[in-house]
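Keep in mind it's a predicted model, so treat the numbers as computed, not measured. Side-chain atoms are counted along with the backbone in the values below, which use heavy atoms only and exclude waters and symmetry mates. Just so we're on the same page: letters track the sequence lines, and every chain starts at 1.
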Number of protein chains: 2
Amino acid sequence: MITLSEVAEAAGVSRSAVSKALLGGGGKTTKVSEKNIIRIRETAARLGYRPNLLAQRLANKRQDIIGVIIDSQCCGLYNNIMSTIEHLTFSSGCRLQVGLVHDSYDAIKKYVDDLLGYNIQSVICLAHYYSFAEQIPPLFKPFKNALFISKPMTEKKFSFVSPDYYAIFYEAVEYLLKLNHRRIVFAKTNYDTYDARVRAQAFHDAHRAYGVEYVEEQIYKENAGEIDTPELMDRFLSDILPLKPDALILGNGIAINWCIRKLRERNLRVPEDISIIGMDDWSGSQAMTPSITVMNNNYREIARQAVQLIQENAKNETPQIKEIFIRGQLVLGESCTRK
Amino acid sequence: MITLSEVAEAAGVSRSAVSKALLGGGGKTTKVSEKNIIRIRETAARLGYRPNLLAQRLANKRQDIIGVIIDSQCCGLYNNIMSTIEHLTFSSGCRLQVGLVHDSYDAIKKYVDDLLGYNIQSVICLAHYYSFAEQIPPLFKPFKNALFISKPMTEKKFSFVSPDYYAIFYEAVEYLLKLNHRRIVFAKTNYDTYDARVRAQAFHDAHRAYGVEYVEEQIYKENAGEIDTPELMDRFLSDILPLKPDALILGNGIAINWCIRKLRERNLRVPEDISIIGMDDWSGSQAMTPSITVMNNNYREIARQAVQLIQENAKNETPQIKEIFIRGQLVLGESCTRK
DNA sequence: CTGAAAGCGCTTACAG
DNA sequence: CTGAAAGCGCTTACAG
């Protein structure tokens, strides 16, 4: 590896001059003549010089790096978010340092330590919806500029950009009620996460607003995560079909595929016998047969606002805490029909 | 930020001692008494000391970091690969530095520069199947230890771990031919990538082995990428249905969903009228109705071997170049039937 | 316009 | 067992 000193020696100039000519360093006062700039550039190119980023960052502390902690399982779901974040930060000359974790508190803690060890003060957390959801936010206290995607489960104030889970869920339930559904089953989880809480609340509020009674069993809490295996789906259906549901609100595409398949085995058709709404949009929801009515969370907009906020705060000495909810929209498919 | 020097001063010992007691540094000869170790640890904890990783890496050059360059669009497809890589490297005390790109030569080049600038010599590339596929591998020459997932398009020898696209594709075509299909259409792309090439070759070889003639149009080359929008699917079907195909080999789940939907609009059923095989497995392929026969590339095994090889090579001064093909397997669904 | 010097926060080889 | 010193490859403030 060629160093800056070697370039300086080969070009017969000082290291300050090379720093200025090649790396934009050299402080405010260092000037280099046009002649030397050319010679330095030529020498560097000839030697194949590459600046050492570790040394650069150690020396001047300038930080244009944003840490990202993301769960590898979210990757599909958050695909739009990540690629938008990547695009926006990259085009503004910023870099991402990505910590990929999977459902592991220890891994998240380790990556947090790494980011702090690299003196990275800005971080976006997309991995905090677990059974241990409330243990994650405290890990992010040491950062000057932390931002969560989705509202974190914590007392302390953090900036976040979150889907407005309540509003979209309310809209979905309202939509079903207006189509005369009277027995909607919502496949919640037994996790105590923010989204699950407010969805249950929206379920309740919408029913109340429309004067429709429901039994507690219509909010299904038996499952830990997605109902995305045939076995889990069988159990789920055995549990809830006795309630004679006319609509189901479920998670992702896989769950819904299994659901449709398993309903068919029981001679139940979607939407004729049971309507279905998906809680998360996924690419391909409109390609299915029937196409699925889904809650589009507007992830691209979430990512856009997240990047804007974190970059703004990265400039401030005392970042301001903002809580931003992004409205989603119900994408109407063929999976719901009037009763 | 508390530094090592401050801990040393507060504990009344030398920096070497702190380095040894806290960070496992201090060289071979530095010894610290039990008494001092305790005091140093206590002091560090009290002050909230965090080692600066930049300084550590700059000073001792020890590298336990593996770079990864991955396309954000691959994320779904390569989800299994990435999470397996993450798991295996993380549990061996290694760290990943992930560069997330999207279909952009410039971004890949920039991330390569970054990795080299951080003095990272080991890198896994999962982003080299583009229209500019052959421009990517040269970027990775400067690394001591580069490894590609999927065979790269290049003359130079690189290590890679790749799906055995040829074998699995041959198996799929053979399967269809044995089920008496005689007009198989393969939705290739107009990209000149390794996988596309050998698939076309396998298509040819299998037909020849079974003495089945085919016309060139059965290898559809009009598309740039996946046929994953309704418009592209309409055009594709308009183009190939006049050939009276009895089977289609297509890309991912979205493409296949659109295909089934658009075939139905034309009163063609899967598999009764047309059989379908998917070229890439995706979670949910077996949940669909009908479930889809897919080529499972065995990504987890690919990831496992990739990590093993790159970690092995990271130890060697002169890494050995290995070319590893992983056999996949045909997962039989309901989307193919005997003609 | 130019370069010598001190510093970033860690290392390790070396001398006690 | 212990610490002073030189070094990693860059910075920038400063003095010419």
Problem - Nucleotide nearest A/K31 when distance is taken to its side chain, options D/dG9, C/dT2, D/dC1 - result: C/dT2
Problem - Ring centre gap for A/F325 and A/F160 strictly below 6.0 Å - result: yes
Problem - Sugar-phosphate, base or nothing in reach of B/L23, heavy atoms under 4.0 Å - result: sugar-phosphate
Exercise for the section: For B/N145 and B/I310, indicate whether the former's side chain and the latter's backbone hold a donor-acceptor pair under 3.5 Å. Expected result: yes
Exercise for the section: Could you tell me whether B/S33 contacts a base, only the sugar-phosphate backbone, or nothing, with contacts defined as non-hydrogen atoms closer than 4.0 Å? Expected result: sugar-phosphate
Exercise for the section: Take B/E86 and B/S83, measure what side-chain hydrogen bond (donor to acceptor under 3.5 Å, both in side chains) needs, and give me the verdict at the end. Expected result: CA-CA 5 Å; B/E86 188 264 322; B/S83 68; over 6 Å; no
Fill in the blank from the handout: When both distances are under 3.5 Å in a Watson-Crick or G-U wobble arrangement, the nucleotide paired with C/dA4 is none
Exercise for the section: To the nearest 0.5 angstrom, please state how far the CG atom of A/L47 sits from the CD atom of A/E42. Expected result: 8.5 Å
Practice task
Using atom CZ of A/R39 as one end and atom P of C/dG3 as the other, report the distance to the nearest whole Å.
Solution key: 10 Å
Handout entry: Under 3.5 Å: donor-acceptor pair, side chain of B/Q121, backbone of B/K144
Key = yes
Completion exercise
Assert: residue with more 5' nearest nucleotide on DNA chain D, out of B/N36 and A/T3, is B/N36
Practice task
Assign each of B/V32 and B/A55 to its nearest nucleotide of DNA chain D by heavy atoms, then name whichever residue's nucleotide is nearer the 5' end.
Solution key: B/V32
Handout entry: Strand-adjacent residues in residues 9-20 of chain A, judged by heavy atoms under 4.0 Å from DNA chain D
Key = A/R15, A/S16, A/S19
Practice task
Quick one: do B/N313 and B/S159 satisfy side-chain contact (heavy atoms from CB on, under 4.5 Å)? Show the steps, please.
Solution key: CA-CA 10 Å; B/N313 275 343; B/S159 282; 4.1 Å; yes
